[in-house]
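Everything quoted here is computed from the prediction, not taken from an experiment. For the numbers below, each heavy atom of this structure counts, side chains included, while hydrogens, waters and symmetry mates do not.
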Amino acid sequence: PEVRELVRGYTAGYNRYLRDTGVANLPDPACRGKEWVREIEEIDVYRRFYQLALLASTGVALDGVGGAQPPTPPLDPLPLPTLEDFSALEGRLPLSDIGSNAYGLGRERTANGKGMLLGNPHFPWLGSERFFQAHLTVKNKMDVTGGSLLGVPLVLIGHTERMAWSHTVSTAFRFTPFQLTLVPGSPTTYLYDGKPTPMTRRTVTVQTPTGPQRRTLYSTRFGPILTSLLGLPVFPWTPATAFAMGDANAPNFRYLNHFFEVDHAQSAPEVLDVLKRNQGIPWVNTVAADDEGNALYADISVTPHVTDDHARLCNTAMGHATFAALRLPVLDGSRSMCEWGTDPDSLQPGTFGPSRMPHLLRRDYVTNSNDSYWLSQPKQPLTGYARIIGDEGTARSLRTRSGLVMVEEELANGGRMTRQEMQDLLFSNRQHAGELTRDDAVAMCRAFPGGIAPSSNGPTPVRDACEVLANWDLRDDIPSRGALLFRRFWTDAATVQAPALWLTPFDTARPYTTPRDLNTLNPQVQLAFGDAIRDLDGAGIPLDAPLGEFQQDARPDGTVTPYHGGPGGLGVFNAMAAPWTGRGYVAPLAHGASFVQAVSFDGDGCPDTRTVLSYSQSTNPLSPHYADQTRLFAEEGWVTGRFCKDDVLAGTLSTQRLRG
């Protein structure tokens, strides 16, 4: 009931603002006077909730669902896709381009014996998935601050009086395709335990600027028919076979109850109870810390109940290949025994219960940087979970390794961390790929015969490239010289498959310090070096140019801001997804560090917090808050949090009291 009241209040407030201001007087020129700006209904808010729940499931197949149409004769039989056809999905599922880092520190590893949290979500800088800062209070009932997404009247990451939390995108899949066997001559009828079963048809009409568009959508007992994922046509609808999307989040609105309860929670164990009670988190891990010194990691989230044994029994031939390569099962939809299972403690049939999902509650630290749960605390690896949730005993990403190396170095020999030291880890902008391989790359450069490197377009003089790299500070700071050259080199070198890229292979006994030692005898690695020089030459960029001169957020209105950090794939903890444009990394930044928070507790009920919203609060280029925090972020600055009443009043610039 309380969530429904929040939705009613949000809807009423939105509409009241629109009526009082008038569409013709809206401050943002992108919306001012536009026909599409109108009042909303409560159902519009719930539709937004639904879209967010499906972001990592049906959301990655919208084109494939909307475009799925039955084959019409005459047709030559289409071959089913091979594993090579799925290879382009590797690294893009379960949720493409969105990631995060988080540390939760407990009493044994903080300077004051209380908990601390660093939240560093890497979310879009553009579009509807931007975070907005908010402080939500309901007198004597709720007091929570942090970041929220457009249209959600709840705080999704942030802190209460005595607990702070953040999220990272989980590796668990939220969906499985079901392969259907079609009745000969009837491509909209499938067999289920030998019985012909017609698909459900639904005609949808959408109004567009060019007139109404009508389309028939098809669905099954498992979910909608689809033909593609992320735009890749890997699920063809043929006269013999079709594929349906089984989506565990399709019936999930419990995540609203979850966040409502977390917005009240005051401890990490209480957050764990909320996770177990609601089982509503749609596609993220949870990291939390509290003033009692508890640190929580959990991936208790909505996941299809497909055990490894179930996958072996029910995968189709395609599914055996995709499960081995991507952890994504493709189940046989012709047999009822191949539907998802259920645990005794599953709140939603067809999903894993909390007892079968990974979590840790510790007093030292937990962390996650979008790899699986396995090494969220190296002293207590989590094992024995279904492969659809995540992998175990495998090499971690360079960003995960960087996060673990940094925190372990900071806490070595019984060390304890302060809030400032935790913040400094993020903005150190250490580049882990460089730390691992720069010296090898310099030695390779100096060994090229006659100072000539091979490249894809012929021999290339290395000139001063060797010394530029040798003098690089191994960071992606705005003034760093050599960072651009190494990034162009590693972007190509890292495409070499792991066994051929490294001399020292991955070792489960040294899980975050291996693999290592660059194989500079690999021809592709050598070519990558020459290609990097040619890339910078072609863009007119000096080999020793400072990073910030050619890594800038360039917005359509002409606002240009240099920024630090770099691609997570290079092991930069402060991950920024900078696109190469052929003239450097000067473009509107698509995604990266977003609402960053460093929260510590000292037991007085007023958390000591520093935040920065990297892209700033407003999307309106006429607003003073359009790029103010972006400039602050570029200067590695922070905003001091104001949570307790006296601090809020002391920092108040203006107030507005609405009528009624």
Side-chain angles (χ1 to χ4, degrees), residues 54-68 78-100 122 124 129 168-180 222-238 241-249 282-284 301-304 306 308 311 314-333 370-372 386-391 394-400 491 494-498 567-569 575 577 579 590-591:
L54 304 187
L55 207 60
S57 43
T58 302
V60 302
L62 287 180
D63 54 343
V65 171
L78 293 173
L80 291 178
T82 65
L83 185 57
E84 287 71 25
D85 296 318
F86 282 89
S87 62
L89 292 172
E90 189 171 5
R92 300 179 64 194
L93 292 173
L95 189 60
S96 176
D97 295 335
I98 295 180
S100 302
H122 307 144
E129 270 60 81
T168 64
V169 173
S170 160
T171 58
F173 280 98
R174 314 300 163 179
F175 66 94
T176 68
F178 285 86
Q179 186 169 328
L180 308 178
F222 307 105
I225 297 293
L226 78 161
T227 55
S228 64
L229 285 176
L230 297 174
L232 297 173
V234 289
F235 296 117
W237 191 346
T238 75
T241 303
F243 296 86
M245 166 72 89
D247 189 342
N249 271 311
W283 37 264
V284 291
S301 53
V302 179
T303 307
V306 181
D308 295 356
C314 285
N315 264 328
T316 61
M318 179 193 295
H320 285 298
T322 58
F323 191 62
L326 305 174
R327 298 185 298 100
L328 176 65
V330 179
L331 302 176
D332 183 355
N370 304 123
D371 273 317
S372 75
R387 198 159 182 271
I388 195 173
I389 303 171
D391 53 6
T394 60
R396 303 291 90 177
S397 73
L398 287 175
R399 179 159 54 87
T400 291
T491 298
T495 61
V496 177
Q497 293 298 311
H591 61 274

Sequence-distant partners of Asp391, salt bridge (Lys or Arg N to Asp or Glu O under 4.0 Å), two or more places apart
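Asp391 satisfies salt bridge (Lys or Arg N to Asp or Glu O under 4.0 Å) with Arg396 only.
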Can you list the residues that meet the side-chain contact (heavy atoms from CB on, under 4.5 Å) rule with Pro304, with sequence neighbours excluded?
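Applying side-chain contact (heavy atoms from CB on, under 4.5 Å) to Pro304 gives Thr176, Ala248, Val306, Trp340, Ile388.
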Residues which pass side-chain contact (heavy atoms from CB on, under 4.5 Å) with Ser228, listed by chain and number, not counting sequence neighbours:
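Partners of Ser228 by the side-chain contact (heavy atoms from CB on, under 4.5 Å) criterion, ordered by chain and then number, come out as Asp63.
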For the residue pair [X] and [Y], what are the closest heavy atoms and their distance?
{"X": "Leu229", "Y": "Ala61", "value": "CD2-CB, 3.7 Å"}
{"X": "Arg399", "Y": "Ala575", "value": "CD-CB, 4.0 Å"}
{"X": "Asn249", "Y": "Pro282", "value": "ND2-O, 2.9 Å"}
{"X": "Gly223", "Y": "Ala244", "value": "O-CB, 3.8 Å"}
{"X": "Leu232", "Y": "Arg92", "value": "CD1-NH1, 4.1 Å"}
{"X": "Gly333", "Y": "Leu180", "value": "CA-CD2, 4.2 Å"}

Could you give the distance from [atom1] ([X]) to [atom2] ([Y]), rounded to the nearest 0.5 Å?
{"X": "Met318", "Y": "Gln179", "atom1": "CE", "atom2": "CD", "answer": "5.0 Å"}
{"X": "Ile389", "Y": "Ser170", "atom1": "CD1", "atom2": "OG", "answer": "8.0 Å"}
{"X": "Phe173", "Y": "Ser57", "atom1": "CZ", "atom2": "OG", "answer": "11.5 Å"}
{"X": "Arg387", "Y": "Phe323", "atom1": "CZ", "atom2": "CZ", "answer": "5.5 Å"}
{"X": "His122", "Y": "Thr168", "atom1": "NE2", "atom2": "OG1", "answer": "10.0 Å"}

Do Thr491 and Pro567 touch side chain to side chain, with heavy atoms closer than 4.5 Å?
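No - every pair of side-chain heavy atoms lies 4.5 Å or more apart.
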Quick check: do Pro236 and Phe243 have side-chain heavy atoms less than 4.5 Å from each other?
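Of all side-chain heavy-atom pairs linking Phe243 with Pro236, at least one is under 4.5 Å.
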Using distance alone, with no hydrogens and no angle criterion, decide if Thr316 and Asp332 have a side-chain donor and acceptor under 3.5 Å apart.
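Their side chains do not contain a donor-acceptor pair, so the 3.5 Å distance test is not met.
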Under 3.5 Å, is there a donor-acceptor pair between the Arg327 and Thr322 side chains?
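No.
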Would the distance check show the side chain of Asn315 and the main-chain N or O of Val330 forming a donor-acceptor pair, the cut-off being under 3.5 Å?
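It does hold such a pair.
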So, does Asp371 use its side chain to make a donor-acceptor pair with the main chain of Thr400 at under 3.5 Å?
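Between the backbone of Thr400 and the side chain of Asp371 there is no qualifying donor-acceptor contact (under 3.5 Å).
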Arg174 and side chain to side chain donor-acceptor pair (under 3.5 Å): which partner among Asp247, Thr303, Thr58?
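Per the side chain to side chain donor-acceptor pair (under 3.5 Å) rule, the option paired with Arg174 is Thr303, out of Asp247, Thr303, Thr58.
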In terms of the angle between their ring planes, are Phe222 and Phe178 parallel, tilted or perpendicular, with boundaries placed at 30° and 60°?
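Aromatic pair Phe222/Phe178 classed parallel.
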side-chain contact (heavy atoms from CB on, under 4.5 Å) partner of Val65, the single match among Ile225, Leu226, Thr227
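Of Ile225, Leu226, Thr227, side-chain contact (heavy atoms from CB on, under 4.5 Å) with Val65 is met by Leu226 alone.
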